[in-house]
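Just so we're clear, the structure is a prediction, and the values are computed from it rather than from any experiment.
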Amino acid sequence: METPLVEVKNLSVSYFTYAGEVHSVRDISFTLSQGKTTALVGESGCGKTVASKSLMGLIERPGKIKEGSQILYNGRNVLEFSKREWSAFRGKECSMIFQDALVSLNPTVPVGKQIIENLKNHNEENLPLGQLRRRAAEMIDMAGIPDAESCMAKYPHELSGGQRQRIMIATAMITKPALLIADEPTTALDVTIQAQILELMKDLQKRLGMAIVMITHDLGVVADMADDIIVMYAGKIVERGSGDDIFYDPRHPYTWALMNSTPRLDWDSKKPLAAIEGTIPDAVHPPAGCAFCSRCPYAMAVCAAHDPPNVTVAGGHQTACWLTDPRADVTGVPFQTGGALHG
């Protein structure tokens, strides 16, 4: 059996504010495998970005990773790392691509120098500056930007949005990390550039064999890329499975809602997009039962009173929904996307 690169066990993260304790991530567990892409999917505020930042130790006050949480990287609990160990881990073993490249890149420093800086921080071979420059240029070329030498001298504002995002990828990939976290890496880009960036990430993954965590609210972005999909809502995992499981046999009403709110080519062009009615629950006072209960058209009395157990539907496909209970009346419930009804 394959040993996972990362094991997240019972991760809980809270932010302690004047309004009270904000329960951003609530007791989630999952694994990441080398060479595989795992997508964390959900609306804004569902906890996916907080969960990913926990992997890199980027939770700052007033946030806190709660006791009992474990994040095992190659068997070692990163939450017990010293400052020196974190410095060696971030940027080398694990890198992150942030959402807005223009904000993340330093506007006063040429992009080539910024890439070299990351390599210098982890220059275990003590390579001279000339070789570092050559490696940076090779990485820019690998990221699909023509005339790498000329590009290195440019400032972020002199590049297009797609080029800046490629520079972010080059900066993250220059150390050949085992784990890459991509936080909404294509949100600010047009559809054509989005496809190019995703294709680039898949190509680099094949070359380097790294694990990728893809954070997005758009299931369409990960349809052709994710090996495993984790659907999060209100800080919890409500469904997980392979891409085929989630797209062809979704079992949680929130997953159905996400699927129906994503445009599809086979739909009537005049069909209006479906909105998910209501709002996410208060994270300071999370509900006792299923967090999606108030927005779910199939909610039952038990949903409001008790948190549903995590049930294995088949193989690695799991969901937390009372509709999986054999006592539940599932007449009229769409167990498949596209409107096919059960019962």
Side-chain angles (χ1 to χ4, degrees), residues 1-8 30-41 48 51-57 71-78 81 85-98 115-116 118-125 127 131-132 134-145 148 165-186 194-216 221-230 240-246 316:
M1 187 175 177
E2 184 181 276
T3 303
L5 176 70
V6 177
E7 290 180 90
V8 176
F30 60 91
T31 60
L32 306 173
S33 299
Q34 195 75 38
K36 298 290 183 68
T37 298
T38 300
L40 295 181
V41 181
K48 56 189 187 295
S52 67
K53 284 186 174 181
S54 301
L55 298 178
M56 292 189 71
I71 300 174
L72 304 180
Y73 175 79
N74 282 330
R76 296 184 62 202
N77 189 359
V78 301
F81 277 4
E85 288 173 316
W86 272 122
S87 296
F89 178 75
R90 294 191 194 110
K92 173 60 178 174
E93 300 293 334
C94 180
S95 289
M96 192 165 187
I97 303 170
F98 294 95
I115 296 173
I116 292 169
N118 190 32
L119 193 53
K120 282 171 68 177
N121 289 339
H122 304 282
N123 187 14
E124 296 164 0
E125 302 169 69
L127 299 175
Q131 279 188 261
L132 296 180
R134 278 195 294 276
R135 284 200 181 181
E138 288 170 4
M139 194 66 234
I140 290 175
D141 184 62
M142 196 182 294
I145 300 179
Q165 204 63 30
R166 289 171 188 267
I167 290 295
M168 286 287 291
I169 292 173
T171 305
M173 301 294 295
I174 192 70
T175 57
K176 299 181 180 178
L179 175 62
L180 178 68
I181 300 171
D183 187 2
E184 303 271 14
T186 61
Q194 273 188 20
Q196 292 175 3
I197 294 297
L198 294 176
E199 196 59 40
L200 170 63
M201 290 174 64
K202 285 197 292 183
D203 180 54
L204 291 173
Q205 182 181 42
K206 286 179 183 176
R207 295 194 203 186
L208 302 175
M210 63 189 173
I212 294 178
V213 177
M214 189 81 173
I215 301 164
T216 182
V221 168
V222 297
D224 191 41
M225 186 172 180
D227 297 293
D228 299 300
I229 298 175
I230 295 172
R240 78 183 78 198
S242 67
D244 286 348
D245 290 335
I246 300 302

(request) Report yes if the side chains of Ser95 and Met56 come closer than 4.5 Å at any heavy-atom pair, otherwise no. (result)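 No - every pair of side-chain heavy atoms lies 4.5 Å or more apart.
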(request) Decide yes or no for Arg166 and Leu200: does some side-chain heavy atom of the first lie under 4.5 Å from some side-chain heavy atom of the second? (result) yes
What is the distance from atom [atom1] of [X] to atom [atom2] of [Y], rounded to the nearest 0.5 Å?
X: Met142; Y: Ile169; atom1: CE; atom2: CD1; value: 12.5 Å
X: Ile167; Y: Met139; atom1: CD1; atom2: CE; value: 10.0 Å
X: Asn74; Y: Gln34; atom1: CG; atom2: CD; value: 8.0 Å
X: Ile181; Y: Cys94; atom1: CD1; atom2: SG; value: 4.0 Å
X: Asp141; Y: Arg134; atom1: CG; atom2: CZ; value: 15.0 Å
X: Gln131; Y: Ile116; atom1: CD; atom2: CD1; value: 12.5 Å

(request) Check salt bridge (charged side-chain N to carboxylate O under 4.0 Å, His left out) between Lys176 and all other residues, then give those that pass, not counting sequence neighbours. (result)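 Lys176 satisfies salt bridge (charged side-chain N to carboxylate O under 4.0 Å, His left out) with no residue once adjacent residues are dropped.
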(request) Go through the structure and list residues passing salt bridge (charged side-chain N to carboxylate O under 4.0 Å, His left out) with Arg90, not counting sequence neighbours. (result)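 With neighbours one apart ignored, the set is empty.
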Looking at every heavy atom in both [X] and [Y], which two are closest together, and how far apart are they?
X: Lys48; Y: Leu40; value: CD-O, 3.6 Å
X: Ala170; Y: Ile115; value: CB-CD1, 4.0 Å
X: Gly35; Y: Asp227; value: O-OD2, 4.4 Å
X: Gly91; Y: His122; value: C-NE2, 3.7 Å
X: Thr31; Y: Thr38; value: O-OG1, 4.3 Å
X: Ala137; Y: Ala148; value: O-CB, 3.4 Å

(request) Check step by step if side-chain contact (heavy atoms from CB on, under 4.5 Å) holds for Leu5 and Ser33. (result) CA-CA 5 Å; Leu5 176 70; Ser33 299; over 6 Å; no
(message) Can you list everything that forms a side-chain hydrogen bond (donor to acceptor under 3.5 Å, both in side chains) with Ser87? Sequence neighbours excluded, please.
(response) none
(request) State which residues pass side-chain hydrogen bond (donor to acceptor under 3.5 Å, both in side chains) with Asp245; sequence neighbours excluded, sorted by chain then number. (result)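 Counting only residues at least two positions away or on another chain, Asp245 forms a side-chain hydrogen bond (donor to acceptor under 3.5 Å, both in side chains) with Ser242.
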(request) Can you sort out the partners of Phe89 under ring-ring contact (aromatic ring centres under 6.0 Å, His included), two or more places apart, ordered by chain and number? (result)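 Phe89 satisfies ring-ring contact (aromatic ring centres under 6.0 Å, His included) with Tyr73, Phe81, Trp86 once adjacent residues are dropped.
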(request) Let me see the working for Val41 and Ile230 under side-chain contact (heavy atoms from CB on, under 4.5 Å), right down to the final yes or no. (result) CA-CA 6 Å; Val41 181; Ile230 295 172; over 6 Å; no
Result block: side-chain N/O donor-acceptor pairs under 3.5 angstrom for residues 201-214, not counting sequence neighbours:
{"unit_1": "Lys202", "atom_1": "NZ", "unit_2": "Asp224", "atom_2": "OD2", "d": "3.0"}
{"unit_1": "Asp203", "atom_1": "OD2", "unit_2": "Arg207", "atom_2": "NE", "d": "3.2"}
{"unit_1": "Asp203", "atom_1": "OD2", "unit_2": "Arg207", "atom_2": "NH2", "d": "3.0"}
{"unit_1": "Gln205", "atom_1": "OE1", "unit_2": "Thr37", "atom_2": "OG1", "d": "3.2"}
{"unit_1": "Gln205", "atom_1": "NE2", "unit_2": "Lys36", "atom_2": "O", "d": "3.4"}
{"unit_1": "Gln205", "atom_1": "NE2", "unit_2": "Thr37", "atom_2": "OG1", "d": "3.0"}
{"unit_1": "Gln205", "atom_1": "NE2", "unit_2": "Met210", "atom_2": "O", "d": "3.2"}

(request) Test Arg76 against every option in Glu85, Glu93, Glu7 by the salt bridge (Lys or Arg N to Asp or Glu O under 4.0 Å) rule and name the one that passes. (result)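 The single option meeting the salt bridge (Lys or Arg N to Asp or Glu O under 4.0 Å) with Arg76 is Glu85.
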(request) List the steps and the verdict of side-chain contact (heavy atoms from CB on, under 4.5 Å) for Thr216 and Asp183. (result) CA-CA 7 Å; Thr216 182; Asp183 187 2; over 6 Å; no
(message) Tell me whether Asn77 contacts the main-chain N or O of Leu72 through its side chain, where contact means a donor paired with an acceptor under 3.5 Å.
(response) no
(request) Using modelled atom types only, decide if a donor and an acceptor are shared between the side chain of Gln194 and the backbone of Val221 within a distance under 3.5 Å. (result) no
(request) Kindly determine whether Leu179 and Val6 satisfy side-chain contact (heavy atoms from CB on, under 4.5 Å), including the steps that lead there. (result) CA-CA 9 Å; Leu179 175 62; Val6 177; 4.0 Å; yes
